[in-house]
Amino acid sequence: MADEIFDTDDIFTLTDEDGEEKRFQLLGSCEVDGSEYLALVPIDDEDVSSEEYVILKREIDDDGEDILVTIDDDDEFDRIADIFEDELFGEVDYDNDNNDEN
């Protein structure tokens, strides 16, 4: 699935392959091996908990436009998900560990 992006600050409106638009807020980004990955949380879907987010890879399409695509390779996805887990939630874990010691 490839998604077209429309960037407005840290809010992205993604159009999926069915033509549906959904808004996401950027949680973070990282570059690994020359590729950029974004962690996004949906902001229009009330049924999604705030802990659920998606990871997409930024690529350039044939027209030179930025697109976000799903990561099809399981090993690549797992590696990138681990990086985001450490970056996005690692700080919370450290705070909890420090509070337990005091």
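Computed from a prediction, not measured in an experiment: that's the story for all the values here.
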message: The test is side chain to side chain contact (heavy atoms under 4.5 Å, CB included); show your working for L14 and K22 and say whether it passes.
response: CA-CA 5 Å; L14 303 180; K22 294 187 180 182; 5.6 Å; no

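- Here D66 pairs with R58 in a salt bridge; the nearest charged N to carboxylate O distance falls below 4.0 Å.
- Every residue two or more places apart in sequence or in another chain that forms a side-chain contact (heavy atoms from CB on, under 4.5 Å) with D63 is listed here: D61, E65.
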query: Under the side chain to side chain contact (heavy atoms under 4.5 Å, CB included) criterion, do K57 and L68 qualify, and how do the steps go?
result: CA-CA 5 Å; K57 183 176 183 178; L68 297 178; over 6 Å; no

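- Remark: E59 engages no residue in a side chain to side chain donor-acceptor pair (under 3.5 Å) (not counting sequence neighbours).
- Evaluation of the salt bridge (charged side-chain N to carboxylate O under 4.0 Å, His left out) test over residues 24-33, restricted to residues two or more places apart or in two chains, returns D33-R79.
- Residues I11 and F24 have side chains not in contact (no heavy-atom distance under 4.5 Å, counting atoms from C-beta outward).
- Every residue was checked against the side-chain contact (heavy atoms from CB on, under 4.5 Å) condition with D78, not counting sequence neighbours, and none meets it.
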task: Assess whether side chain to side chain contact (heavy atoms under 4.5 Å, CB included) is satisfied between L40 and I55, documenting all intermediate values.
output: CA-CA 6 Å; L40 303 164; I55 299 173; over 6 Å; no

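- More than 12 heavy atoms of other shown residues, nucleotides or ligands fall within 6.0 angstrom of atom CG in D18.
- The shortest heavy-atom contact between E52 and P42 is O-CD, 3.9 Å.
- For the atom pair CG of L38 and CG of L27, the computed distance is 10.0 Å after rounding to the nearest 0.5 Å.
- Every residue two or more places apart in sequence or in another chain that forms a side-chain contact (heavy atoms from CB on, under 4.5 Å) with D75 is listed here: D73.
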- request: Apply the test side chain to side chain donor-acceptor pair (under 3.5 Å) to residues Y53 and Q25: give CA-CA distance (whole Å), side-chain angles for both, the deciding distance (0.1 Å), then the verdict.
  value: CA-CA 9 Å; Y53 63 95; Q25 182 169 10; over 6 Å; no

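- For the residue pair F84 and C30, the shortest heavy atom distance occurs at CZ-SG, 3.7 Å.
- To the nearest 0.5 Å, atoms CZ (F77) and OG1 (T70) are separated by 9.5 Å.
- Taking CG from D62 and CD1 from I67, the interatomic distance works out to 8.5 Å, rounded to the nearest 0.5 Å.
- The side-chain heavy atoms of V41 and V54, taken from C-beta on, include no pair separated by under 4.5 Å.
- Atom CD of E21 and atom OG1 of T13 lie 6.0 Å apart (nearest 0.5 Å).
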